[in-house]
Protein chains: 2
Amino acid sequence: MHRKRVTLRDLAEHLNINTSTVSRALSEKSSEMISPDVVKRVRKAAQEMGYKQNAAAYALKVGRTKSIGIIIPDMMNPVFAPIVRGIHSVLNQYGYTAFLAYSENNASAAHSEVEKLISRGVDGIIYAAAFRTDSVVDLCKSHSIPLVLVNRVVDQGNVDTVKVDDSLGIKMAVGHLLDLGHRKIGFIAGPKNISVSYIRLRAFTQTMAEHDLEVEPHRIVEAHSLTEEGGEKAMSVFLGQNPDATAIIASNDLIALGCFTALTQFGYTCPKRISIVGFNNMPYLDWFAIPLTTISIPHFQMGERSAELLLKRIDPESDDHYEEVLLKPKLIIRQSTAPVIRRKKKIAST
Amino acid sequence: MHRKRVTLRDLAEHLNINTSTVSRALSEKSSEMISPDVVKRVRKAAQEMGYKQNAAAYALKVGRTKSIGIIIPDMMNPVFAPIVRGIHSVLNQYGYTAFLAYSENNASAAHSEVEKLISRGVDGIIYAAAFRTDSVVDLCKSHSIPLVLVNRVVDQGNVDTVKVDDSLGIKMAVGHLLDLGHRKIGFIAGPKNISVSYIRLRAFTQTMAEHDLEVEPHRIVEAHSLTEEGGEKAMSVFLGQNPDATAIIASNDLIALGCFTALTQFGYTCPKRISIVGFNNMPYLDWFAIPLTTISIPHFQMGERSAELLLKRIDPESDDHYEEVLLKPKLIIRQSTAPVIRRKKKIAST
DNA sequence: TTGAATAACGCAAACGTTTGCACTAGAGTA
DNA sequence: TACTCTAGTGCAAACGTTTGCGTTATTCAA
């Protein structure tokens, strides 16, 4: 077959015309300054000879690579799969491709990943692993490369974001538990240097306050990370200091899973003894032994919107004011929550 | 900050030396032909002025992009996350980055994704979505770009692969079921144009034969895809024509999940009425209502090995004989399999 | 018939690297 | 002293595109 890649010049020589003409004939925008039949002949020859544009040469010349970078915190967390899918789905429509990197929830790792991506010349970055104060946004700004934040946002303003209404989500969760009769509700928070953890926790105390329920400090414990392991440890200390709690809200589905295992270590059952609600509605939750009641976020749509936003920002003639799209969460009721049982007297367990 | 990217020439002018000297001083291999103190000065200046190599220019010049493409069949299938992670882990050590694409289990989609990747100039491709006869390997061969197949392989030889011993895995599964007393064992196969489906099915009948158990045709039904939905449909027809079966082996964990739902639609229970074993040991299986007995494959290691193999093949001075690494599976016994209950008389269910 | 206007195309520079080759100066040898 | 060698550096071409500008041929108006 073709040992060597066929280039514009190859085409030009074959057709006895100049490479500039070939280039223009192939380009959608500038093909109109070329006579129609030349365009046709060029494109036919390109097809036959298997011409593929050399991305490196294009990038070097025009300064755009038609590629972007995606950074997620954790590849093993299944929530990000549909987000990435959403991103891809719009990227494909515009001839863009994506580098995927992950930060392992580590700020400096994220920073160096972004540096690598910038060095690769990506046209923009979708960042799903932000901390509340994050050097990555300054990094991107100083290199004047477009950046959009998904899900996790950053305290400083002036950056495109697509996030979901976390407060509303928590409000729904609390409302649901209150409806079931729960009053002694605990909260397993995530690290408060991550926006979602911070906001969800704040929304929890606020919503409780709105219902005239003050939440005492021991009702809240912070997990060191948004993972199963973090959730398990935090839940252990929570159960130690809250023997009377009947429900807990986890900042995260993964944390909720950790709560489950801590629960069984204490010999408690869910939802009989304690109700649990998570956040994110990660895939395959329906299959779980205790299907987790959780707050669903529109993963795929989040991916789509962020990609659209980024592409818009990459466009040279875009206006320069930042956008912030806010998506609505949804309460998914499963079996991990149940009405609170009021027991006047102690009853021997069977 | 730096509005414009600093280039080799910027450095050269700043130091009053030639760009070629700067280039050589920065390069690890050719810096030895430059006097040590010049090297030091250049590197210091590069550091201070924030020089980053222009990847596009490098790629255009040397013909290598230091990037590869990964193609997986389905982003929502959690098995691929650890594989991708394994790939990344070795890629990072060598300054490589990866484009991630997925084929949705569609041959032509895979083909066009590969074409896009090649056009992007990737140095190699890791292909986890192969069909038994697949145009992608010819495509790569004709462009003489390195390719390694993971998990799913291809009938035609002469291509680097890393796979797991599927036959051994099935043998383990069958052995496990036989130990539990099962004899009437069914098999929900995947599409037979995919190597793993084909091999696993063949291994099933062979292993059964080795135990003097002939498997009748109605004991095998083929799902149209390696998904939950495919498994569910196939399992429905299976149950319709096999009311006496006590165990089934699914070609895939996802298919096994589909089997579960079909099972409950028929009012059957697992593992009481029927045992199920899957394949792949996808993440979070431990959490399931019926924890699935399955064959575990070394995902992460598969990723690592395939990346190593690809990098070796990309290296210009590598020998040119193809390698085939074969990894060992492991039987993971959970609760979806149980001893067969022999009932002489019909007993009313309680 | 002459002029300008337009359409179609060619020329050549440029993007930022790498690298073969030429060049210089100083060291070593005879 | 005159010679060759070599270490260190500069020159310039090349990778494959895109694009501003110059050139030619054709059309249209006067």
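Predicted, not measured: the structure shown is a model, and the values here were computed from it. Sequence lines set the chain letters: A, B, ... in the order given, protein chains first and strands last, and positions in each chain run from 1. Basis for what follows: all heavy atoms, side chains included, without hydrogens, waters or symmetry-related copies.
Straight-line distance from the CG atom of A:L60 to the C1' atom of C:dC15: 4 Å, rounded to whole Å. Whole-Å rounding puts the A:K52 NZ to D:dT17 C1' distance at 17 Å. A:L26 has its CG atom 15 Å from the C1' atom of D:dT19, to the nearest Å. Remark: P of D:dC11 and CZ of B:R9 are 13 Å apart, rounded to the nearest angstrom. Rounded to whole Å, the distance from CG on B:L15 to P on D:dG10 is 10 Å.
Counting only heavy atoms from C-beta on, A:I34 has its side chain closest to C:dC9 among D:dT17, C:dT18, C:dC9.
Comparing A:R24 and B:N18 by the nucleotide of DNA chain C whose heavy atom lies nearest to each, the residue mapping closer to the 5' end is A:R24. Position along DNA chain C of the nearest nucleotide to A:A57 versus B:V62 favours A:A57 as the more 5'-ward residue. In this structure, A:T21 and B:T19 both approach DNA chain D, and ranking their closest nucleotides by distance from the 5' end singles out B:T19. The residue among B:V38 and B:K61 whose nearest nucleotide of DNA chain D lies closer to the 5′ end is B:V38.
For the pair B:S30 and C:dT19, the criterion of a side-chain N or O lying under 4.0 Å from OP1 or OP2 is not met. Between B:Y51 and C:dT17, a side-chain N or O to OP1/OP2 separation shorter than 4.0 Å is present. Side-chain nitrogen and oxygen atoms of B:T7 include none within less than 4.0 Å of the OP1 or OP2 phosphate oxygen of C:dC15.
Ring-centre distance between B:H88 and A:Y102: below the 6.0 Å cut-off.
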task = Using a 3.5 Å limit on both pairing distances, list the dot-bracket string of DNA chain C from the 5' end; Watson-Crick and G-U wobble pairs count, crossing pairs take [ ], interstrand pairs take |.
result = ||.||||||||||||||||||||||||.||
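Residue-level contact check: B:S23 touches the bases, meaning some heavy atom is under 4.0 Å from a base atom.
B:R41 and B:L15 make their closest contact through NH2-O, 3.8 Å (heavy atoms, listed as atom of the first residue, atom of the second, distance). Listed here is the closest heavy atom pair of A:N158 and A:K141: O-NZ, 2.8 Å.
At a cut-off of 3.5 angstrom, counting only N and O atoms as typed in the model, there is a donor on one side and an acceptor on the other between the side-chain of B:S20 and the base of D:dC11.
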